[in-house]
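One-based numbering, in listed order, for ligands and for the atoms of each. Values below: all heavy atoms of this structure, side chains included; hydrogens, waters and symmetry mates excluded. Quick caveat, the model's predicted, so the values are computed rather than measured.
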Amino acid sequence: MNHRRALRAAVTIAVTGALAAGMTMTLTSTASAGTTLRASAAEKGRYFGAAVATGKLSTSVYATILNREFNSVVAENEMKWDATEPQQGRFSYTGGDRLVSHAQANGMSVRGHALLWHQQQPGWAQGMSGSALRNAAINHVTQVATHFRGKIHSWDVVNEAFADGGSGGRRDSNLQRTGNDWIEAAFRAARAADPGAKLCYNDYNTDGINAKSTGIYNMVRDFKSRGVPIDCVGFQSHLGTSLASDYQANLQRFADLGVDVQITELDVMTGGNQANIFGAVTRACMNVSRCTGITVWGVRDCDSWRGSDNALLFDCNGNKKAAYTNVLNALNAGPAIPTDPPTDPPTDPPTDPPTTPPPGTGGCSASVSLNSWTGGFVATVKVTAGSAGTSGWNVGVTLASGASVTNTWSATATGSTGAVRFANVDYNGRLGAGQVTEFGFQGTGSGAGITPTCTAS
Ligand code: 9MR
């Protein structure tokens, strides 16, 4: 029995019991009485999360609040580009892995933040431009999303790519200068690397209908119409002393495009209105059936990047603030996400149709799916064992003239141009009959015409 059905059953039993006892009672179909943010959000089919610095997990006040109140976490800094790829091609996942383990041990989902952003880039990337940067960026997306594959609820694939001010256009950055299609290339690479994660665009100053949020809205509408894989939009919601009256309407117009919406970095300036604004943001999310969760950007006031703003739900001693009570009440009073939300027809066509695998020559077959952009591509190759299984495999491709392999994962490449061969690595060579494994490679130039042939040993 899922949680919501269990809840409904419990309500039915309570009502039946009350009627049997001759009492009258009024039931709103949605009210509930969770006593923690995580329980109350979960009762409504949503998550309630916090940004975490893993170094604080050993502080007991911090960890106690985190584990009691939150069922989602996001790394405040530890999954950013500078942290995960401090030197080009040398990946470091210590902080991110630690957070994922903590989440798994405590029944929490994980938001991934952020694959590409103009800030917190490692020094080596800051100094790059053009196709070298584009290839490095797409490789970063592929590698990091592959590392965390299956463990991330939602990825902020691209963070803060739109300009402030009234233009509604893109922000200038080294990434933007690689070509306007950098965002869609990143989303395609993320989808190929972790097909199960929801892929979000995330930004701030989008707390109502304004030029910036409209620019993003137009991009999402365009992506949906062209089948670029985007599933969600994150509204950071770093808020001041008032909330735009069309905050909820703005969430709803994005939801109406067929994407989920999430409040991703909520914090609010201290002062008389703080508690009200926290409550109003929570109600707005609850009123939008595609608003799937809220994340606050830190646990206690003293954990916040906003310093003396005291912008969070717990004071520095770990006590609940008035804002906490308003959020909890809004979660309890709000409607649940419908059990069977309308599903959108799938809109992500494969960017290049998978090529038909040739008949397996020695007990395996291979097919490729390509994500291409001007000047480069990522190929994901699926290897399927034949009826005898494999103890090893080898896949050959012939690259178009001028194309070359720059990176390979889950296989070992021999050669980089023309005829290139990929052999299994030690953990994915042995396949049972019909079993499937995947490896990938990134290339410069064109990926057109790649037709893999598989040989088993
Ligand atoms: O909270 C983060 C802080 O510790 C970092 O120093 C800062 C560096 O840019 O990033 C902060 O988090 C930001 C987030 O990643 C993206 N949206 C704005 C957040 C607050 O600046």
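With ligand atoms numbered from 1 in the order given, ligand 1 contributes 16 (C) to contacts under 4.0 Å with heavy atoms of N159.
Only the side chain of N77 comes within 4.0 Å of ligand 1, judged by heavy-atom distances.
Using cut-offs of 30° and 60° for the angle between ring planes, the F441 and F422 rings count as parallel. Between Y47 and H153, the two ring planes are perpendicular [angle over 60°; tilted spans 30° to 60°]. The aromatic rings of H113 and W117 sit tilted relative to each other, their planes meeting at an angle between 30° and 60°. Using the six-membered ring where Trp is involved, H147 and Y93 have ring planes that are parallel, under 30° apart on the 30 and 60° scheme.
Which of E76, H113, Q119 comes nearest to atom 14 (C) of ligand 1 through a heavy atom is settled by distance: it is H113. If you check each of M79, Q120, E265 against atom 18 (C) of ligand 1, the one with the closest non-hydrogen atom is E265. For atom 12 (O) of ligand 1, the candidate residues are W297, Y204, W117, W305; the nearest heavy-atom contact is made by W297.
The existence of a salt bridge linking R253 and D256 is excluded, since no basic side-chain nitrogen approaches an acidic carboxylate oxygen closer than 4.0 Å.
K80 NZ, 3.2 Å is the protein heavy atom nearest to atom 10 (O) of ligand 1. If you check which protein heavy atom lies closest to atom 16 (C) of ligand 1, you get E160 OE2, 3.2 Å.
Aromatic rings from Y201 and F223 are positioned such that their centres are separated by 6.0 Å or more.
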